[in-house]
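No hydrogens, no waters, no symmetry mates; every other heavy atom, side chains included, goes into these values.
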Amino acid sequence: MVQTLGAGVPVRERHMELDWSVREGDPIVIEANTGSVVISMAGIALANGQIGDFIEARNLRSQKTVRGVVKEGKKIIVAANMN
């Protein structure tokens, strides 16, 4: 959406559009790090997120929902299951 602002009108957050690092529905990489072992799997983002945000994603193989931190390159990092 484009808005015209008059001279002297301050630019506010509502005037700007966010450029999400990950958008809902994007294919992403879900990564879990356990010491020196790194496990990667394909997933789908279930929410929009900026780098550093926590979002939910669906693991395409298991269909489980996980929560992780958005990193660069359409990737989220999740904590390994330690049951």
Side-chain angles (χ1 to χ4, degrees):
M1 178 165 100
V2 176
Q3 287 186 328
T4 304
L5 299 176
V9 176
V11 176
R12 302 198 188 277
E13 186 176 338
R14 69 177 181 262
H15 298 129
M16 303 173 95
E17 182 177 320
L18 286 175
D19 184 19
W20 299 106
S21 299
V22 172
R23 293 185 183 275
E24 182 178 356
D26 279 354
I28 59 168
V29 174
I30 300 169
E31 191 172 279
N33 302 316
T34 307
S36 61
V37 177
V38 178
I39 301 167
S40 297
M41 60 218 78
I44 295 289
L46 298 178
N48 298 332
Q50 299 282 20
I51 292 175
D53 289 348
F54 279 91
I55 66 165
E56 289 189 339
R58 180 175 299 114
N59 179 324
L60 291 179
R61 186 169 185 177
S62 70
Q63 295 300 309
K64 290 187 178 183
T65 300
V66 296
R67 185 171 165 83
V69 179
V70 177
K71 298 293 182 184
E72 290 184 41
K74 301 231 184 249
K75 180 190 306 183
I76 69 167
I77 307 294
V78 297
N81 235 349
M82 303 300 268
N83 292 336

- Message: Please evaluate residues Glu31 and Val38 with respect to the criterion side chain to side chain contact (heavy atoms under 4.5 Å, CB included), reporting the C-alpha separation (whole Å), side-chain torsions for both, the decisive distance (0.1 Å), and the verdict.
- Response: CA-CA 7 Å; Glu31 191 172 279; Val38 178; 3.6 Å; yes
- Pairwise distance NZ(Lys75) to CD1(Ile51) - rounded to 0.5 angstrom: 11.0 Å
- Query: Between atom CD1 of Ile28 and atom CZ of Arg23, what is the distance when rounded to the nearest 0.5 Å?
  - Reply: 14.5 Å
- Item | Hydrophobic cluster membership, Ile77 vs Ile44, 4.5 Å side-chain cutoff | no
- Query: Quick one: side chain to side chain donor-acceptor pair (under 3.5 Å) partners of Asp26, sequence neighbours excluded?
  - Reply: Lys74
- Item | Atom CD of Glu72: over 12 foreign heavy atoms under 6.0 Å | no
- Query: Got a sec, which hydrophobics cluster with Val69, joining ILVMFWY side chains under 4.5 Å apart, including via others?
  - Reply: Phe54
- Message: For a quick test of reading the model, state the closest non-hydrogen atom pair linking Asn59 to Met41 and the distance between them.
- Response: ND2-SD, 3.1 Å
- Item | Summary of salt bridge (Lys or Arg N to Asp or Glu O under 4.0 Å) pairs that have at least one residue in residues 44-58, sequence neighbours excluded | none
- Taking all non-hydrogen atoms of both residues, which atom of Gly43 and which atom of Ile30 are closest, and how far apart? CA-CD1, 3.8 Å
- Heavy-atom nearest pair, Val78 first then Gly68, reads CG1-CA, 3.8 Å
- Query: Closest heavy-atom contact between Asn48 and Ile55?
  - Reply: O-CG2, 3.5 Å
- Query: In terms of hydrophobic clusters joined by side-chain contacts under 4.5 Å, are Trp20 and Val29 together?
  - Reply: no
